[in-house]
Enquirer: 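I'd like to ask you about the structure that follows.
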Amino acid sequence: MKSGGRGARAACVLAAVLASAFTQAQEYSFDASEFAKKPFELGGYAEFKQEALSLRPESPLFRLNFAGEAPRRSLDRSTGTVEFAGRWNAGDLVADVRTHSALAHDAFGATRLNRIYEAGARWTIDDNWSLDAGKRALRWGKGYAWSPVAFLERPKDANDPQLSREGYVVAGGTWVRSFEGPLAAASVTALVVPAGEDVNPAYGRPNHANPAAKLYFLYRDTDIELLWAGKGSRPGRYGFDFSRNVGTNFEVHGEWARTASLERPFVLPDGSIVQQRRDATSWLLGLRYLSESEVTWIAEAYRNGAGYTRGEYGDFLDLANAAASSAPLAQRVQSLAQSPYARPNPGRDYAYLRVSAKEPFDWLYVTPAITAIANLRDRSFSLTPEVAYIGFADIELRARVVWLHGGPDTEFGSRPNRRRIEVYARWFF
Amino acid sequence: MRRLALAGLAGLLLACSATALALDGAAILKKVDRNLEPESYEMYRKLINIEPDGTKKEFVIFSLKKGRDKVVGLFLAPASDKGRATLRQGDNMWLYIPNVGKPVRITSLQSVTGGIFNNADILRIDYTEEYDVASAEEQADGYLLTLKAKTGAVAYDMLKMTVDKKVVLPLRIDAHAASGLLVKTIYFKDIKDFGGGIRRPATVETDSPLHKGYKSVMLYSQLKKRTVPDEVFTVDYLSRLEELRK
C-alpha cells in the first residue's frame with residue numbers, strides 16, 4: 001500500500017512535469033498556416049450601450065430636439081448595435097461591405113437604424129494604379145478631434161472621433177509612386193461624388209458630379225497633402241495639411257482650409273433668418289506627446305471659419321427661447337433643426353485636450369482618460385472622464401461621464417442635456 | 001633613434017589593430033542583420049504579452065520588409081485589431097485603423113500592441129541603419145558590440161549586443177536610454193531553419209526592469225525572401241495590405 005502510494009505520487013509528479021513541459025511547448029507554439037488567406041471573410045462587432053442622461057428641459061435646444069415631447073429631467077436609453085464587415089478577395093479585385101444596424105429605446109420611443117456604411121469594389125491595376133467605386137467613408141485630414149479639410153465626409157463627433165460613420169457613393173482612382181531622395185513618396189487621388197435625388201441626397205444640392213482631388217507627398221519626413229473639392233452640390237473648397245514626428249515621442253500636425261462663398265443661415269438680432277454668403281477660412285494645429293510614464297497627450301486648437309461668434313449664437317438662442325411662446329416662431333426655429341446651429345461645435349474657436357494613461361498603477365488592461373473640449377469664445381466646455389478595459393479576449397468595456405458646463409447663453413450650457421453617463425460592452429468577432 | 005623607430009612601429013601596429021577591430025565590429029553587425037533576415041522578406045509573427053498574473057494577450061502580424069528601412073505590418077488577430085496596419089519608413093511610422101479610415105502618425109516609443117515591445121521593436125529595421133558600432137570586444141564564445149544611435153530619432157540611445165561567434169546571431173541585447181538607464185533586455189532563442197538559407201532564432205523574448213513581472217514574446221513563422229514594389233511602403237497602401245498575402 002505504502003509502495004503503491006509512492007508509485008502514485010511518482011506518477012503524479014511525472015504527469016505534472018510532462019504537463020508543464022507540454023504547456024510550455026504549447027505556450028510558445030505558432031503555426032502561421034491557420035491564418036492563411038481566405039476568399040471570403042466576415043467580421044464585425046456587436047455592442048450594448050446603456051446611457052443615463054440628465055436633461056435641461058428649460059433649454060431652448062431641448063424644445064428643438066424633442067419637439068412635442070413633455071419636459072423631463074432624466075432619460076435612460078438602451079442601444080444595441082451590430083456592424084458586419086464582409087470581404088471577398090479575388091486577386092487584384094476586392095469587394096467589401098460594412099453594415100450598421102442599431103436599435104435604441106428610451107422613454108420617447110424606439111428608433112431603428114439600418115444603413116450600409118460602406119460597399120464597393122477596388123481593382124489594383126498594377127503597382128502604381130488602382131480604381132475604387134462604391135460607398136466609401138473617406139477620411140481626409142490629420143486632425144484628431146476636428147478636420148477642416150475633411151471635405152467629403154459626414155460630421156465627426158469631437159467627443160468620440162473614432163466612431164464609425166457612413167460614407168458617400170464615390171468613384172475614382174489613385175496613382176502612387178515611391179522615390180529615392182528627399183521626396184520619398186507621392187500619390188494623386190481623383191474622384192467624383194455624384195449627388196442626385198437617389199444618390200448621396202445628404203451631400204448637398206442634387207445634379208452635380210462634384211469632382212475632388214488629393215495630392216500627397218512624403219517630403220523630408222513630413223506628410224503634406226493638398227486637397228480640393230470642386231464647386232457643385234457644396235461650395236468650392238481647397239486646403240492643405242501636414243504631419244511630422246519631431247522626436248521619438250512627439251508628433252505635430254496641422255490643417256488649413258478655405259471655402260469660397262459658403263452659404264449659412266444667420267439669425268439676426270430681431271429674430272429674422274437670412275442666408276448669408278461669405279468666404280470662410282478654417283485651421284487646426286495639434287500635437288501628440290507620449291511621456292516617459294506612458295501618458296499620451298493630444299492637444300488641438302481649432303478655428304472654425306464657418307462658425308458663429310458668441311453674439312451670433314446668442315441671437316439664435318434668444319430666438320429659440322422666444323419660440324417657446326409663439327407658434328410661428330417655433331416653426332421658424334424648427335427650420336434650423338438641421339442647420340449648422342444645431343450641429344456639434346457650431347462656434348468659432350475651440351481647444352481640445354485628451355490625456356490617457358496606459359495601465360497606470362499596474363492596473364492591467366485598464367486605460368483611464370479624460371477629454372476636455374472648450375468653446376474659447378463663450379468659455380463653456382465639456383469634460384469627459386472615462387475608463388476602458390480590454391482584459392477579456394475580443395471584448396472591450398468602456399464607461400464614461402460627459403459633463404457639460406456653461407451659462408444658459410453658451411454652447412455647452414444650452415445643450416439639452418447637462419450630463420450623460422454611458423457604459424458599453426463591445427464584442428468583436 | 002632605434003628606440004624611436006620601434007615606438008613608431010608599435011604605435012602604427014596599435015592604430016592598425018584598432019582600425020581593424022572597428023571595421024570588424026561594423027562587419028559583424030552587418031552580418032548579424034543579414035543572418036537575422038534577408039534584406040527583403042515576408043513573415044508571420046505571433047506576439048504574446050504576458051502579465052505578472054500569467055494572463056496573456058496575443059497578436060498575429062503579417063509583415064513585409066524591403067531594403068534596409070521599409071517595413072509594413074498587418075494585424076490578423078485578435079478580432080478587435082484585425083485589419084490594423086502599421087508602416088515604417090526610416091524614422092517615420094504610421095498606424096491605420098479601419099474604423100478611423102486614415103493613417104495616423106505614431107512614434108517609435110509608443111506601442112500599438114501594449115506590452116514591452118514598442119513600435120520600434122515590432123517594426124524593426126536593420127541595426128546598421130540606426131546604429132554605429134562604438135566598440136567591439138571579443139569574448140570566449142562571442143562578441144560584445146556596443147552600438148550608438150546615429151540620431152536622436154532612434155528609440156534606444158545605446159545597445160549592448162552579445163553575438164554568438166559561431167552563427168553570428170545575437171543572443172542578447174541590452175537597450176539603454178540616453179541617461180544610461182537599462183530600458184529592456186531582448187533574448188534571442190530557439191534557432192530554427194526557415195528554409196531558403198534562412199536560419200535564425202524563432203523566439204525573441206523581452207523583459208524590462210521598468211515593468212517587473214511583465215514579459216513579451218515574439219514567435220516567427222514562414223519567414224521567406226520576397227520582394228514587393230516600393231509603393232507597398234506608402235500610406236496609400238495601408239488599407240490594401242491584405243491583397244499582398246498569398
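In the text below, chain A, chain B and the rest are named by the order of the sequence lines, each starting its count at 1.
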Enquirer: Taking side chain as everything from C-beta outward and backbone as N, CA, C, O, which of these in F250(A) sits under 4.5 Å from a heavy atom of chain B? Side chain, backbone, both or neither.
Expert: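 Contact with chain B: backbone only.
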Enquirer: Answer with side chain, backbone, both or neither: which region of K212(B) has an atom nearer than 4.5 Å to a non-hydrogen atom of chain A?
Expert: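 For K212(B), no heavy atom lies under 4.5 Å from chain A.
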Enquirer: Which residue out of R139(A), E251(A), K142(A), R426(A) racks up the most heavy-atom pairs below 4.5 Å with chain B?
Expert: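 Greatest number of close heavy-atom pairs with chain B: R139(A).
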Enquirer: Is it the side chain or the backbone of E294(A) that comes within 4.5 Å of chain B heavy atoms, both, or neither?
Expert: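 Just its side chain gets close to chain B.
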Enquirer: Using heavy-atom distances under 4.5 Å, tell me whether F62(B) contacts chain A through its side chain, its backbone, both, or neither.
Expert: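 Neither part.
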Enquirer: By a 4.5 Å heavy-atom criterion (distance strictly below it), what part of I390(A) contacts chain B: side chain, backbone, both, or neither?
Expert: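 Both parts, backbone and side chain.
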Enquirer: Considering only heavy atoms, which portion of V228(B) lies under 4.5 Å from any heavy atom of chain A: side chain, backbone, both, or neither?
Expert: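 Interface part for V228(B): neither.
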Enquirer: Can you tell me if N249(A) uses its side chain to pair, donor with acceptor, with the backbone of L109(B) under 3.5 Å?
Expert: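 No: the side chain of N249(A) does not pair with the backbone of L109(B).
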Enquirer: Relative to chain A, which segment of V100(B) carries a heavy atom at a distance below 4.5 Å: side chain, backbone, both, or neither?
Expert: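 Both parts, backbone and side chain.
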Enquirer: Contact part of T55(B) toward chain A, heavy-atom cut-off under 4.5 Å: side chain, backbone, both or neither?
Expert: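 Both parts, backbone and side chain.
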Enquirer: Between T107(B) and T248(A), is there a donor-acceptor pair closer than 3.5 Å when you use the side chain of the first and the backbone of the second?
Expert: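 Yes, the answer is positive, given that a donor and an acceptor are paired below the 3.5 Å cut-off.
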Enquirer: If I measure from the heavy atoms of chain B, does E34(A) come under 4.5 Å with its side chain, its backbone, both, or neither?
Expert: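 Neither part.
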Enquirer: Would the number of heavy atoms belonging to other residues, nucleotides or ligands and lying under 6.0 Å from CZ of R220(A) be above 12?
Expert: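 Atom CZ in R220(A) is not crowded, with 12 or fewer foreign heavy atoms closer than 6.0 Å.
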Enquirer: Please state whether the side chain, the backbone, both or neither of F35(A) comes within less than 4.5 Å of a heavy atom of chain B.
Expert: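 The answer is both parts of F35(A).
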Enquirer: Quick test of your reading of the model: are R87(A) and E242(B) salt-bridged, counting only N-O distances below 4.0 Å?
Expert: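 Judged by the 4.0 Å cut-off on N to carboxylate O distance, R87(A) and E242(B) do not form a salt bridge.
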Enquirer: At a 4.5 Å cut-off on heavy atoms, which part of S293(A) comes close to chain B: side chain, backbone, both, or neither?
Expert: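 Neither part.
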Enquirer: Check whether more than 12 heavy atoms from other residues, nucleotides or ligands sit under 6.0 Å from atom NZ of K38(A), and answer yes or no.
Expert: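 Counting neighbours around NZ of K38(A), 12 or fewer heavy atoms of other residues, nucleotides or ligands fall under 6.0 Å, so no.
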Enquirer: Measuring heavy-atom distances to chain B, does A186(A) have an atom under 4.5 Å in its side chain, in its backbone, in both, or in neither?
Expert: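 Answer is neither: A186(A) stays 4.5 Å or more from chain B.
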Enquirer: Surrounding NZ of K225(B) (heavy atoms of other residues, nucleotides or ligands, distance under 6.0 Å), is the total greater than 12?
Expert: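 No, the 6.0 Å shell around NZ holds no more than 12 heavy atoms from other groups.
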Enquirer: Under a 4.5 Å heavy-atom cut-off, does chain B meet the side chain of K37(A), its backbone, both or neither?
Expert: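 Answer is both: backbone and side chain atoms of K37(A) are under 4.5 Å from chain B.
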Enquirer: So which part of T234(B) gets closer than 4.5 Å to some heavy atom of chain A, the side chain, the backbone, both or neither?
Expert: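 When you check distances to chain A, only side chain atoms of T234(B) fall under 4.5 Å.
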Enquirer: Go through W94(B) and L218(A) one step at a time and tell me if the side chain to side chain contact (heavy atoms under 4.5 Å, CB included) criterion holds.
Expert: CA-CA 12 Å; W94(B) 297 265; L218(A) 175 59; 3.7 Å; yes
Enquirer: What part of R165(A) lies closer than 4.5 angstrom to a heavy atom of chain B: side chain, backbone, both or neither?
Expert: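 No part of R165(A) comes within 4.5 Å of chain B.
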Enquirer: Side chain to side chain contact (heavy atoms under 4.5 Å, CB included) between K46(B) and S29(A): does it pass, once the steps are laid out?
Expert: CA-CA 9 Å; K46(B) 181 187 271 187; S29(A) 68; 5.7 Å; no
Enquirer: Quick check for you: among L138(A), T124(A), L163(A), D92(A), which has the greatest number of heavy-atom pairs under 4.5 Å with chain B?
Expert: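 Ranked by contacts with chain B, first place is T124(A).
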Enquirer: Can you say whether E359(A) sits under 4.5 Å from chain B via the side chain, the backbone, both, or neither, judging by heavy atoms?
Expert: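 Just the side chain, heavy atoms under 4.5 Å.
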Enquirer: Does any heavy atom of chain A fall under 4.5 Å from the side chain of K57(B), the backbone, both, or neither of them?
Expert: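 For K57(B), heavy atoms of backbone and side chain both lie under 4.5 Å from chain A.
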Enquirer: Between E41(A) and chain B, which part of the residue has a heavy atom less than 4.5 Å away: side chain, backbone, both or neither?
Expert: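 Side chain only.
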Enquirer: Quick check on the interface: out of S187(A), A184(A), A185(A), G44(A), who has the most heavy-atom pairs with chain B under 4.5 Å?
Expert: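 Answer, by heavy-atom pair count under 4.5 Å with chain B: S187(A).
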Enquirer: Please flag which part of R244(A) lies under 4.5 Å from any non-hydrogen atom of chain B: side chain, backbone, both or neither.
Expert: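 Answer is backbone: N, CA, C or O of R244(A) sit under 4.5 Å from chain B.
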Enquirer: With a 4.5 angstrom heavy-atom cut-off, is it the side chain or the backbone of I106(B) that approaches chain A, or both, or neither?
Expert: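 Backbone only.
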Enquirer: Given a strict heavy-atom distance threshold of 4.5 Å, which part of V176(A) is in contact with chain B: side chain, backbone, both, or neither?
Expert: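 Both backbone and side chain.
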Enquirer: Any side-chain donor paired with an acceptor under 3.5 Å for T174(A) and D236(B)?
Expert: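 Not at all, the side chains of T174(A) and D236(B) share no donor-acceptor pair under 3.5 Å.
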Enquirer: Give, as side chain, backbone, both or neither, the part of Y365(A) having an atom under 4.5 angstrom from any heavy atom of chain B.
Expert: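 For Y365(A), side-chain heavy atoms alone lie under 4.5 Å from chain B.
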Enquirer: Using a cut-off of under 4.5 Å for heavy-atom pairs, which of K156(A), H253(A), R136(A), K358(A) has the most such pairs with chain B?
Expert: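 Top count of heavy-atom pairs under 4.5 Å with chain B: K358(A).
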Enquirer: Could you tell me which of A202(B), G101(B), S111(B) has the largest number of non-hydrogen atom pairs under 4.5 Å with chain A?
Expert: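 Highest number of pairs under 4.5 Å: G101(B).
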Enquirer: Which residues pass the side-chain hydrogen bond (donor to acceptor under 3.5 Å, both in side chains) test with Y131(B), sequence neighbours left out?
Expert: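 Scan of Y131(B) (side-chain hydrogen bond (donor to acceptor under 3.5 Å, both in side chains), adjacent residues dropped) gives none.
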Enquirer: Considering only heavy atoms from C-beta outward, does the side chain of R98(A) approach that of P98(B) to under 4.5 Å?
Expert: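 Counting from C-beta outward, R98(A) and P98(B) never come under 4.5 Å.
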Enquirer: What residue in I97(B), L76(B), V217(B) has the most heavy-atom pairs under 4.5 Å with chain A?
Expert: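 The residue among I97(B), L76(B), V217(B) with the greatest pair count is V217(B).
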Enquirer: Under 4.5 Å heavy-atom distance to chain A, tell me which part of R240(B) shows up: side chain, backbone, both or neither.
Expert: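 Both parts, backbone and side chain.
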Enquirer: Quick one: which of D223(A), I395(A), V246(A), D31(A) has the most heavy-atom pairs under 4.5 Å with chain B, could you say?
Expert: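 Sorted descending by pairs with chain B, the first entry is D223(A).
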Enquirer: Considering only heavy atoms from C-beta outward, does the side chain of F30(A) approach that of V60(B) to under 4.5 Å?
Expert: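 They are in side-chain contact.
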Enquirer: Identify which part of E231(B) has an atom lying under 4.5 Å from any heavy atom of chain A, answering side chain, backbone, both or neither.
Expert: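 For E231(B), backbone and side chain are both near chain A.
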Enquirer: Decide whether S80(B) and E396(A) meet the rule of one side-chain donor and one side-chain acceptor closer than 3.5 Å.
Expert: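 No pair is found: no donor N or O on one side chain lies under 3.5 Å from an acceptor on the other.
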